[in-house]
Amino acid sequence: MTHSANHTQKPRPGHHRGPGRRIGRTLALVLPVVLVLSGTLAVTRVNWSGSSSDSVLTASAGDLSAPAKSRAPQDVLRDRLLLELQEKNPGVALTQLQQEVDRHPSLAKHCVSIARALGRAAVRAYGPSRAQSYARPVCDTSFATGVAAHHNG
């Protein structure tokens with residue numbers, strides 16, 4: 001009677017086969033991606049104003065598919081003024097734009113583009129005639145240019 005037919009060969013050390021090896025490879029590939037994504041989704045504290053009231057920004061899975069928003073001071077100001085235009089009127093937004101440029105001269109180079117954006121938004125919200133009635137010499141005639149460009153284009 002021979003027992004060699006029932007004898008199984010032991011795997012050599014370091015050469016594991018089967019599902020354990022596949023799981024190990026999968027973890028080696030997936031784990032770095034998971035760590036990077038978990039770091040991206042972490043809550044980040046950013047001090048925009050220099051004061052103790054920090055803004056808390058959180059990225060969600062839905063935000064990852066959208067392009068990252070620039071939060072430069074001129075973009076924050078433009079977004080705030082566009083909201084002001086919707087909630088009140090273009091005159092209030094233009095007055096605030098002039099005050100911000102007077103307070104922060106570094107914003108002057110962005111005044112034209114912000115005023116044009118306000119002009120385009122005013123046409124969408126109020127129509128061309130009423131939007132034009134709010135025109136005033138803030139950043140030269142940029143608001144009026146934005147109104148005309150949106151109305152004609």
Side-chain angles (χ1 to χ4, degrees), residues 14-153:
H15 288 82
H16 300 287
R17 293 185 180 156
R21 186 172 184 185
R22 271 181 269 145
I23 290 171
R25 280 185 177 174
T26 303
L27 282 176
L29 294 173
V30 172
L31 192 59
V33 174
V34 170
L35 291 174
V36 168
L37 287 177
S38 65
T40 303
L41 296 173
V43 174
T44 306
R45 296 187 69 78
V46 179
N47 188 350
W48 290 106
S49 62
S51 67
S52 61
S53 60
D54 294 338
S55 300
V56 177
L57 301 177
T58 314
S60 67
D63 295 335
L64 293 177
S65 61
K69 290 185 178 179
S70 171
R71 297 314 301 160
Q74 66 271 13
D75 295 332
V76 172
L77 175 61
R78 184 195 63 234
D79 293 348
R80 184 168 53 87
L81 293 176
L82 287 170
L83 184 61
E84 199 70 27
L85 182 144
Q86 295 293 324
E87 291 178 351
K88 295 181 182 167
N89 66 56
V92 172
L94 287 170
T95 299
Q96 288 185 3
L97 174 59
Q98 188 63 60
Q99 290 170 348
E100 288 296 320
V101 170
D102 291 344
R103 253 188 306 233
H104 306 285
S106 63
L107 290 170
K109 62 186 173 190
H110 304 288
C111 188
V112 169
S113 65
I114 293 171
R116 283 188 183 150
L118 290 173
R120 290 189 297 267
V123 170
R124 287 191 299 270
Y126 298 95
S129 299
R130 188 161 173 222
Q132 189 63 42
S133 72
Y134 289 103
R136 62 180 72 172
V138 176
C139 316
D140 300 323
T141 58
S142 302
F143 177 82
T145 303
V147 169
H150 187 73
H151 178 60
N152 296 331

Show me the donor-acceptor pairs within less than 3.5 Å that the side chains of residues 86-100 make with the rest of the protein, sequence neighbours left out.
unit_1, atom_1, unit_2, atom_2, d
K88, NZ, E84, OE2, 2.9
N89, OD1, G91, N, 2.8
N89, OD1, V92, N, 2.9
T95, OG1, G91, O, 3.0
T95, OG1, R136, NH1, 2.8
Q98, NE2, D102, OD1, 3.1
E100, OE2, R103, NH2, 2.7

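- Separation of atoms CG (L85) and CZ (R80) is listed at 13.0 Å; rounding is to 0.5 Å.
- For R78, the salt bridge (charged side-chain N to carboxylate O under 4.0 Å, His left out) criterion is met by D75, not counting sequence neighbours.
- Sorted by first and then second residue, the pairs that involve residues 104-128 and meet ring-ring contact (aromatic ring centres under 6.0 Å, His included), not counting sequence neighbours, are Y126-Y134.
- The minimum heavy-atom distance between V147 and A131, with the atom names listed, is CG2-CB, 4.1 Å.
- When all heavy atoms of D79 and R71 are compared, the closest pair comes out as OD2-NH1, 3.2 Å.
- Across L82 and A121, no two heavy atoms sit closer than the pair CD2-CB, 3.5 Å.
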